[in-house]
Amino acid sequence: MKDLKLTAKNGNGRTIVKVGKTEVGKGFAIIAGPCSVESEEQTLETARAVKEAGADMLRGGAFKPRTSPYAFQGLGLKGLQILAKAREETGLPTVTEVIDPRDVTWVSEFTDVLQIGTRNMQNFSLLKECGKTEKPILLKRGMYSTIEEWLNCAEYILAEGNPNVILCERGIRTFEKYTRNTLDISAVPAARELTHLPVIVDPTHSGGRASLVEPLSLAAVAAGADGLIVEVHRNPKEALSDAEQQLTPAQFSAMAMKVRKLHKAMEGI
Ligand code: PEP
Ligand code: MN
């Protein structure tokens, strides 16, 4: 990969992205929460549950990039205010997606981490705006993108002066239909050997089914991932988006325990 300058790994030093008390790239970071912020009660209840289960950060979308323009688009400002309230109550730092370059500055005031979604990975204006902030950026891999294209997008952010990038493998489109996307597990060690950036996995949008979240999470740990971002809803059946793939708080709690155990065991190998 000839064009990587700022993200390229040289030597053994790895970037650690600090988000509150969590150091992404050191230990194993778990981000959990609903696909979308739907209401104050739903978000707060889920936030309390994921905190109780040992999550390090809370996720929740206020701007939803939906395939259909008629699907729930997120609560926007109100969603960000709810997320900020959940952070205040639980102390969990928050992660939320930003989809428009014009929103980067003001959305930054409500959250600890800005997420760039798969559909916006190559939105170069958005990458540049995010690069001008000091906020940690969670950069998802485009569902049609090569590893090289993905890493070049991280390069855009670093080139603007923001070194705080967390890479996220979230599955790519293949001919397989049973799963929503195909988790490219090889992207985890590949991105870690090519760059010094932390690499996390989204087992939720890759498999697209709640039953696959735990095995994919364990595979991510075994592949050397630095963390996970997982969708959890207090009542997945009633979710306004991604109902079939969100975990209940109880499922998440059981999964997080296994993930932590495996990560600990891996440290001894
Ligand atoms: C999300 O995490 O809310 C999301 C929309 O994910 P992706 O961009 O990976 O589809
Ligand atoms: Mn989702």
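In listed order, ligands and their atoms are each counted from 1.
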| task | Give a yes or no on this: more than 12 heavy atoms of other residues, nucleotides or ligands lie within 6.0 Å of atom NZ of K85. | result |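 Not buried by this count: 12 neighbours or fewer within 6.0 Å.
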
| field | Whether over 12 other heavy atoms sit under 6.0 Å from E88 CD | value |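 Counting neighbours around CD of E88, 12 or fewer heavy atoms of other residues, nucleotides or ligands fall under 6.0 Å, so no.
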
[atom]: nearest protein contact (heavy atom, Å):
atom                   : result
atom 9 (O) of ligand 1 : R170 NE, 2.6 Å
atom 6 (O) of ligand 1 : K140 NZ, 3.0 Å
atom 5 (C) of ligand 1 : E97 OE1, 3.7 Å
atom 3 (O) of ligand 1 : R59 NH2, 2.8 Å

| message | Under a 4.0 angstrom heavy-atom cut-off, which atoms of ligand 1 come close to G117? | response |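 Near G117, the atoms of ligand 1 are 8 (O).
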
| What atoms of ligand 1 come closer than 4.0 angstrom to any heavy atom of K64? |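 Going through ligand 1 atom by atom, the ones under 4.0 Å from K64 are 3 (O).
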
| said: Could you check whether any side-chain heavy atom of L58 comes within less than 4.5 Å of a side-chain heavy atom of L83, counting everything from C-beta outward? | reply: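 Sidechains of L83 and L58: in contact.
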
| message | With a 4.5 Å cut-off on side-chain heavy atoms, are L127 and L139 touching? | response |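 They are in side-chain contact.
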
| task | Return the option from T118, I31, D242 holding the heavy atom at the smallest distance from atom 8 (O) of ligand 1. | result |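 When every heavy atom of T118, I31, D242 is considered, T118 comes closest to atom 8 (O) of ligand 1.
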
| message | Students often mix this up, so state it plainly: with edges at 30° and 60°, are the rings of F28 and H263 parallel, tilted or perpendicular? | response |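 Tilted.
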
| What atom name does the N, O or S atom of D242 nearest to the Mn ion (ligand 2) carry? |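 Nearest N/O/S atom of D242: OD2.
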
| Can you name the N, O or S atom of E231 that is closest to the Mn ion (ligand 2)? |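 Closest N, O or S atom of E231 to the Mn ion (ligand 2): OE2.
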
| Within less than 4.0 angstrom of ligand 1, does M143 place any heavy atom? |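 Under 4.0 Å: no for M143.
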
| field | Distance-only polar pair, side chains of E231 and H205, donor-acceptor under 3.5 Å | value |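 Yes.
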
| request: For the residue pair Q245 and R180, confirm or rule out a side-chain donor-acceptor distance under 3.5 Å. | output: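 Present: a donor and an acceptor within the cut-off.
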
| query | Is K258 salt-bridged to E214, cutoff N-O under 4.0 Å? | reply |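 Result for this pair is yes, salt bridge flagged.
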
| Quick one: angle H205 NE2 - the Mn ion (ligand 2) - C35 SG, to the nearest 10°? |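 Answer comes to 170°, rounded to 10°.
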
